[in-house]
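Worksheet: one structure, shown below.
Just so we're on the same page: letters track the sequence lines, and every chain starts at 1. Because the structure is a prediction, the values reported are computed rather than measured. Hydrogens, waters and symmetry mates are skipped; everything else that's a heavy atom, side chains included, is used.
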There are 2 protein chains.
Amino acid sequence: MTLGEPKQGPSGTAAEGISPCAACSVRDMAFCGVLNDEELPRLLAIFTTLSVEAHQPIIDEGEAADYLFNVTGGAVKLYKLLPDGRRQITGFLFAGDFLGIAMNEKYAYSAEALGRVSLCRFPRRKLESLLDEFPKLEKRLLGMASNELVQAHDQILLLGRKTAQEKIVSFLLSLSDRAAKRSSERSPIELPMGRADIADYLGLTTETVSRTITHLKRDGLIRLLQGGRVDLPDPAALRDLADGS
Amino acid sequence: MTLGEPKQGPSGTAAEGISPCAACSVRDMAFCGVLNDEELPRLLAIFTTLSVEAHQPIIDEGEAADYLFNVTGGAVKLYKLLPDGRRQITGFLFAGDFLGIAMNEKYAYSAEALGRVSLCRFPRRKLESLLDEFPKLEKRLLGMASNELVQAHDQILLLGRKTAQEKIVSFLLSLSDRAAKRSSERSPIELPMGRADIADYLGLTTETVSRTITHLKRDGLIRLLQGGRVDLPDPAALRDLADGS
DNA sequence: CGGGATCTTGAGGATGCTCAACGCTAGTGG
DNA sequence: CCACTAGCGTTGAGCATCCTCAAGATCCCG
């Protein structure tokens, strides 16, 4: 089972009556942002909002890709597994990110809620019909896919050729950059994921992640705050560390 | 400079007069395949064919992404560099593959011809206009971008969590699969790239690539033939090795 | 047939992993 | 209110995989 229907939260009721898009804080960042107020109802008609509790699955690799999602709040991890249990996290999603571009009838990876997550869920067939109706929607998705590919190649460079410290620093900076795009503060940054998730994202072990963070802390390059928040006092120095220059 | 104009080969003349698409062996696999004979002239009007000699650059990371390409023959490597010279090859392209989806005004990586390469070159602006005219073209590109994302995530899993042997075996199998799609034989496969390129693609060194190949050879899992060709006598056994099961 | 590049093989070493113990924190229930 | 516990993070010691450095083998092209 892909999505636990019973876990559908109380926000599902918000879809009745008033438009959830009106109050949506990520509408401009998400792909829906290209639709104007007259076109939006066509989109509204096909999606439902829902929320998923922490640690609950959202999609499972290999299942039929019947739904696509927009993350409107919270954080999501995407991952793939090898038969013996080794895990690679392929990405983290935050508010405004789209879930499901990378598919092929079947989902290419699994997704799980990091904390409580709010989502808009679109039936793929219906969304594809809308793409025919609104070419600018399709153009937007193509642009987002292109951006995701650029990021994927950055991650490939990181995994293939960077040291543990460069990986950690690159990771922190990318979180900082993405927070800035969501018009949050650039620093301190939130770390909604645990050390094991960071390790599986960067191709390391939890021990190495922990040690490297301790090292950065001792060098005064980062500061650990309450609630898993991290302060980056000298972003410029970190940028240099991130690619070994 | 992105593309050495003087290197433009004699095939450039083929664009005058008869359609190069009529004789194109990869038309069905490439994105042009969705256009019928009446629509094709609109595409013909905007692109030029050219060939690039071995080891010559095709695009450079960071340059303005003014052109997109279709590979019609030969092989191409895509790569990114770190400031200190470390290199990560992010992919190899063969006949029928599209070059340039992953961009953002600027190219996200560099591309270089492995041997002599034949290309169709499209000015991006003009191609984007055509996308408005032919939505099915845009749909096809979105589908290709989606496929590329799936493959990128496979590569991320490989780089983050696979051993040297699993990486090599996965690589050989993926070449075999892609050759099969181009309706070539599934085995033996061609290796148009050197050991150093394979190493930079898999996040290894040339020595480790060489040793691992030697090891596979001793175990009878592969056979090295003339001209850098490799025979895979037992694909099923290799599939098991590829993901550690 | 010669020479440069590429590939292979070997020995030693370093980065990051494995295995293990300890500390911290938050949630729980008495 | 506090002891208890479970999960997570940190630290340490030893080790394995893969890298580095080096030399020899092979191939390819002139």
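No donor-acceptor pair under 3.5 Å is formed between the side chain of A/Q88 and the backbone N or O of B/L159.
The base of C/dC7 has none of its N or O atoms less than 3.5 Å from a complementary donor or acceptor on the side chain of B/E207.
Residue B/H55 contributes atom NE2, which lies 12 Å from atom P of C/dA5 at whole-angstrom precision. Rounded to whole Å, atom P of D/dT11 lies 10 Å from atom CG of A/L224. If you take CE of B/M193 and C1' of C/dA5, they are 18 Å apart, rounded to a whole angstrom. We find that CD1 of B/I213 is positioned 11 Å from P of C/dT9, with the value rounded to whole Å. A straight line from CZ of B/R195 to P of D/dA25 spans 19 Å, rounded to a whole angstrom. Per the geometry, CG belonging to A/L216 stands 16 Å off C1' belonging to D/dT11, to the nearest Å.
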Checking side-chain contact (heavy atoms from CB on, under 4.5 Å) for the pair A/I213/A/I222: CA distance, chi angles, key distance, verdict?
-> CA-CA 8 Å; A/I213 287 178; A/I222 65 174; 3.9 Å; yes

Might you work through the side-chain contact (heavy atoms from CB on, under 4.5 Å) test for B/R211 and B/Q165, ending with a clear yes or no?
-> CA-CA 10 Å; B/R211 272 187 260 271; B/Q165 172 162 295; over 6 Å; no

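Considering only side-chain N and O atoms, B/S210 lies under 4.0 angstrom from the phosphate OP1 or OP2 of C/dT8. In this model, the phosphate group of D/dT10 is not approached by any side-chain N or O of A/R211 to a distance below 4.0 Å at OP1 or OP2. Checking the phosphate oxygens (OP1, OP2) of D/dT11, a side-chain nitrogen or oxygen of A/T214 falls inside 4.0 Å. Put simply, A/T208 has a side-chain N or O that comes within less than 4.0 Å of OP1 or OP2 on C/dC17.
Residue contacts for B/G227: at a heavy-atom cut-off of 4.0 Å it reaches no nucleic acid atom on any strand shown.
Taking 4.0 Å as the cut-off between side-chain N and carboxylate O, B/D243 and B/K162 do not count as a salt-bridged pair.
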